[in-house]
Enquirer: 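Pasting a structure below so you can have a look.
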Amino acid sequence: MNLYSILFVDDEEDVFRVILKKLDWENLGFSVAGYAKNGRDALELAEELQPDVLMTDIKMPYMDGLELGRQMKELCPQVKIIIFSGFDKFEYAQEAIKLEVEEYILKPIDAEELRGVFLRLREKLDRERAEKRDVDKLHQYYMESLPVLQENFFISLIEGCIPPEEVGRFLSNYRIDLPGPYYAVCLVHANPASPDPEIEPFLLAMSVKKLAGEQLSERWRGKMFTYLGNTVLIAQLSYLTEVTNLTDTLDRFCRLARHLCGAAVTVGIGQVCSDLRELSVSYSGAADAVSCRVLYGNTRAINIAEVAPAEETDIDWEAMYLQQVFRQIKTGSRKDLEQEIRRCVGQVSCQSTSLQKYRLFLMALLTEIFRFGSNNRLNMDSVFGEGRDIYSEALRLESPEALEQWMLALGVQMQDLLEHRRQSTTRSLVDKAEDYVREHYADQALSVETVCRSLAVSAAYFSTVFKKETGKTFINYLTDYRMERAVRLLLEGDEKTYIIAGKVGYADPNYFSYVFKKRFGVSPTRYRAKEKQTYA
């Protein structure tokens, strides 16, 4: 049985031990994950434990239970709060209601009453957890979300944002059937047919989309969605030659849309492709075809393959494959990079039927490499080496295998540089945070939030990075640094303890002494006396 975790907070340890003995916690479905004597210690523990339940007294030193509850709700929004107190004050009850506490229990605590509280709380926690895990409800939510997920997937496809190896998984998860074997992206652009349209442009576009769904989806096994105000249709073809029929069908649709919807519709048809990851190229072609309406007129279908010279689209596949290569350099593993380069070079071998085309590919490759390096602030001299004629070097490669190895060597160097820069950036962030602590440790308001505001990063990202680099939470690091400064002040001068407390960021001298004793085992005064006696 999974047990719910409890964090107890009370400045009287005897009270905690009595409560601990009152019930069989495990049998109730709970485990006591931690105990703290005050609110500040509890917050530090909560950051590590992420408890399900906080049970706290109200009257405690350094931070009362109500303030602890408020801060806990920010740190762990899902936490359930139980307050126990010897004070039956209306103001406390009011504050407890604002905090949405589960129970407000008066001391002395009765065992049966406490047992009843935790039984009710376990039922509530079980119910909440069951709702989150309820397979039927999750399935229902998933099915309700499918249209949105599918549309986002199609948009990512035409934007070229999905890694090739992930396409199949998304198709399966989102229950999308795209058997092809050929595809063409069709962009449906609608404008009012007259200067004074009867309906608003947005509603007109919706009307055209509805008509397109009725007329085109079934015949072309189409997947239809809205993108940047236009309707996009991914048409599936059984044969390459079917694109002619598709163009004619869409041309008739344009005339029908004018007649039924009062819309001047232009449909651009992109290049036919056999690979789903080439849909971004087909979409670009469809957009170019729509732009050609200024030359060929609207209320018609325009096939980019018919209106654009073939030479203009020969290089499209290169841009697509190079894009995938650079994506793997930035986020993939060496194995992924190797596979993508092999695909790219394989395409070069198939398409580059002349030296001129091969040279064009190399020029495109080198241009993209320098652009990628510049955009990612890489030192390209360390990639290419000074004085090397990279273009001539590539031309002298004698086989596709040699080209693969040459591209892989460059890619791995850029991967290493990016990883080094990422690590340097992370280390730099931590260094800046440590510098900030050294300069502001005396500020009593210093916190994770103030440091993050100074560094312009989120608290979630900063906390993860800081702990990964230092092995400590920021709160622990700050406490350790303040204690180090306190020790130095104790040993180098004769200032009173309360003065030193203020100098190292503690408004409450008693809390400073408490933290110091927790850290070193003795009070600041005894520590000073002991150390000075040792070195006397």
Side-chain angles (χ1 to χ4, degrees), residues 7-20 34-49 54-72 75 84-87 107 433-434 436-451 470-536:
L7 174 59
F8 279 103
V9 191
D10 194 317
D11 58 330
E12 298 180 53
E13 192 170 346
D14 290 343
V15 173
F16 163 66
R17 297 201 178 280
V18 168
I19 293 175
L20 202 60
Y35 164 69
K37 291 185 177 181
N38 58 72
R40 293 188 180 181
D41 284 358
L43 283 176
E44 287 187 31
L45 267 177
E47 189 177 356
E48 294 287 337
L49 300 176
L54 169 71
M55 186 169 179
T56 179
D57 192 8
I58 288 184
K59 285 290 187 179
M60 296 182 295
Y62 319 131
M63 180 187 291
D64 67 35
L66 294 172
E67 179 59 28
L68 170 62
R70 278 189 286 273
Q71 295 198 31
M72 276 291 290
L75 183 66
F84 58 98
S85 173
F87 299 90
K107 295 180 180 178
E434 291 176 342
Y436 193 90
V437 168
R438 284 191 281 272
E439 293 172 12
H440 299 87
Y441 69 91
D443 182 359
Q444 295 167 11
L446 179 58
S447 66
V448 172
E449 287 72 24
T450 55
V451 173
T470 65
K472 301 178 180 179
T473 65
F474 177 77
I475 299 278
N476 288 339
Y477 176 84
L478 174 60
T479 301
D480 288 349
Y481 188 81
R482 282 172 165 169
M483 291 300 101
E484 289 173 13
R485 298 300 303 174
V487 165
R488 182 175 295 182
L489 291 171
L490 282 167
L491 299 182
E492 291 179 355
D494 296 312
E495 290 178 317
K496 299 291 186 183
T497 299
Y498 73 90
I499 299 292
I500 293 174
K503 284 188 173 183
V504 296
Y506 291 92
D508 185 341
N510 291 325
Y511 185 65
F512 164 71
S513 297
Y514 166 78
V515 174
F516 192 95
K517 187 173 182 180
K518 187 178 174 183
R519 174 77 165 75
F520 296 104
V522 294
S523 69
T525 305
R526 292 194 63 184
Y527 184 91
R528 171 188 273 165
K530 182 180 177 182
E531 290 297 315
K532 287 193 172 182
Q533 185 178 6
T534 301
Y535 293 103

Enquirer: Could you tell me the separation between the CG atom of D57 and the CG atom of L68, rounded to the nearest 0.5 Å?
Expert: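 These two atoms lie 10.5 Å from each other.
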Enquirer: Below 4.5 Å, heavy atoms only, C-beta onward: do M60 and T56 meet side chain to side chain?
Expert: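 M60 vs T56: side chains touch.
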Enquirer: Take E434 and Y481, measure what side chain to side chain contact (heavy atoms under 4.5 Å, CB included) needs, and give me the verdict at the end.
Expert: CA-CA 10 Å; E434 291 176 342; Y481 188 81; over 6 Å; no
Enquirer: Checking K517 against V522 for the side chain to side chain contact (heavy atoms under 4.5 Å, CB included) test, could you report, in this order, the C-alpha distance in whole Å, the side-chain angles of both residues, the deciding distance, and whether it holds?
Expert: CA-CA 5 Å; K517 187 173 182 180; V522 294; 5.6 Å; no
Enquirer: Would you check, one step at a time, whether the test ring pair (Phe, Tyr, Trp, His ring centres under 6.0 Å) holds for Y35 with F8?
Expert: CA-CA 5 Å; Y35 164 69; F8 279 103; 8.0 Å; no
Enquirer: Assess whether a salt bridge exists between K518 and D41, defined as any Lys/Arg side-chain N lying under 4.0 Å from an Asp/Glu carboxylate O.
Expert: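 The answer is yes: the pair qualifies as a salt bridge.
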Enquirer: Between R519 and D480, is there a salt bridge with N-O shorter than 4.0 Å?
Expert: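 Yes, charged N to carboxylate O under 4.0 Å.
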Enquirer: Taking atom OH of Y498 as the centre, does the number of heavy atoms from other residues, nucleotides or ligands within less than 6.0 Å exceed 12?
Expert: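 At most 12 heavy atoms, drawn from other residues, nucleotides or ligands, come within 6.0 Å of this atom.
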Enquirer: Would you say the side chains of Y441 and R485 form a donor-acceptor pair under 3.5 Å?
Expert: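 Their side chains do contain a donor-acceptor pair, which is all the 3.5 Å distance test asks for.
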Enquirer: Between CD of E48 and CG of L45, what distance do you get to the nearest 0.5 Å?
Expert: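 Between atom CD of E48 and atom CG of L45 there are 8.0 Å.
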Enquirer: Nearest heavy-atom pair of S513 and T497: which atoms, and what distance?
Expert: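 In terms of heavy atoms, the two residues are closest at OG-CG2, 4.1 Å.
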Enquirer: Just do the side chain to side chain contact (heavy atoms under 4.5 Å, CB included) check on V9 and L54 with the steps written out, would you?
Expert: CA-CA 8 Å; V9 191; L54 169 71; 3.6 Å; yes
Enquirer: Got L478 and V437 here, is their nearest side-chain heavy-atom distance under 4.5 Å?
Expert: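 Yes; the side chains approach each other to less than 4.5 Å.
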Enquirer: Are E44 and N476 close enough, and set up right, to give a side chain to side chain contact (heavy atoms under 4.5 Å, CB included), and what steps lead you there?
Expert: CA-CA 8 Å; E44 287 187 31; N476 288 339; 3.1 Å; yes
Enquirer: In Å, rounded to the nearest 0.5 Å, how long is the span from NZ of K503 to CZ of R488?
Expert: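 Atom-to-atom, K503:NZ and R488:CZ are 13.0 Å apart.
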Enquirer: Quick one: do E13 and R17 make a salt bridge, cutoff under 4.0 Å?
Expert: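 Looking at R17 together with E13, the answer is yes, because their closest N to O distance falls below 4.0 Å.
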Enquirer: With ring centroids as reference points, do Y527 and F520 lie under 6.0 angstrom apart?
Expert: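 Yes, close enough.
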Enquirer: For R526, does the CZ atom have more than 12 heavy-atom neighbours from other residues, nucleotides or ligands under 6.0 Å away?
Expert: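 Result for CZ/R526: open.
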Enquirer: Check for a donor-acceptor pair, side chain of T450 on one end and backbone N or O of L446 on the other, with a separation under 3.5 Å.
Expert: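 Pair absent, no side-chain N/O of T450 close to backbone of L446.
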Enquirer: Parallel under 30°, tilted from 30 to 60°, perpendicular over 60°: which one fits the rings of F512 and F516?
Expert: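 Rings of F512 and F516: tilted, 30 to 60°.
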Enquirer: Charged N to carboxylate O below 4.0 Å: is that the case for K37 and E12?
Expert: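 Between E12 and K37 there is no salt bridge, as every charged N stays at least 4.0 Å from the carboxylate O atoms.
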Enquirer: Can you establish whether the number of heavy atoms outside K496 located under 6.0 Å from its atom NZ is more than 12?
Expert: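 At most 12 heavy atoms, drawn from other residues, nucleotides or ligands, come within 6.0 Å of this atom.
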